[in-house]
Amino acid sequence: LYVWAQLPAGVKSADYAARVIEETGVVVTPGRGYGEQGEGFIRLSMTTPDDRVEEGMRRLEAWGGV
């Protein structure tokens, strides 16, 4: 159970994933790690307990992204 989220054009998935963890404490996986076609995406896991997923989503929403 994963969500693949597309990033804005030109944003590198590894750079974005590093910013997310540094600025929010939420771990996302760079899409590039799944091959060339994964670049431009991040992967979010929904395999943790619901309260942890909800907390991560709150942090991401408050952060605002790119």
Side-chain angles (χ1 to χ4, degrees):
L1 299 163
Y2 302 99
V3 172
W4 283 86
Q6 188 170 14
L7 301 173
V11 176
K12 299 290 186 186
S13 61
D15 295 340
Y16 191 84
R19 278 190 57 213
V20 170
I21 195 165
E22 289 171 11
E23 297 178 18
T24 71
V26 175
V27 176
V28 298
T29 305
R32 182 71 169 127
Y34 297 93
E36 187 176 320
Q37 296 299 315
E39 185 58 74
F41 292 85
I42 55 169
R43 188 180 86 159
L44 298 96
S45 173
M46 300 297 154
T47 60
T48 60
D50 289 347
D51 61 325
R52 300 283 302 187
V53 171
E54 291 169 4
E55 174 62 24
M57 295 308 295
R58 278 193 291 275
R59 291 182 190 184
L60 291 173
E61 184 176 34
W63 179 59
V66 183

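The first residue in the sequence is number 1, and the count goes up from there. Atoms considered below: every heavy atom in the structure, side chains included; atoms not considered: hydrogens, waters and symmetry mates. Keep in mind that what you see is a predicted model, and the values were worked out from it rather than measured.
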Using a 6.0 Å cut-off, check whether atom CZ of R58 has over 12 heavy atoms from anything other than its own residue. yes

Would you say D50 has more than 12 foreign heavy atoms packed within less than 6.0 Å of its CG? no

Qualifying side-chain hydrogen bond (donor to acceptor under 3.5 Å, both in side chains) pairs, either residue in residues 2-14, two or more places apart: S13-E39

Looking only at heavy atoms, what is the nearest atom pair of V20 and V26, with distance? CG1-O, 3.2 Å

Distance (rounded to the nearest 0.5 Å) between L1 CG and M46 CE: 9.0 Å

Hey, what do you get for CZ (R52) to OG1 (T47), rounding to the nearest 0.5 Å? 11.5 Å

In one Ile/Leu/Val/Met/Phe/Trp/Tyr side-chain cluster, 4.5 Å: [X], [Y]:
{"X": "V28", "Y": "F41", "result": "no"}
{"X": "W63", "Y": "I42", "result": "yes"}
{"X": "V3", "Y": "I21", "result": "no"}
{"X": "V11", "Y": "V27", "result": "no"}

Contacts of R32 that satisfy side-chain hydrogen bond (donor to acceptor under 3.5 Å, both in side chains) - sequence neighbours left out: none

Results of salt bridge (Lys or Arg N to Asp or Glu O under 4.0 Å) for R59 - residues two or more places apart only: E55

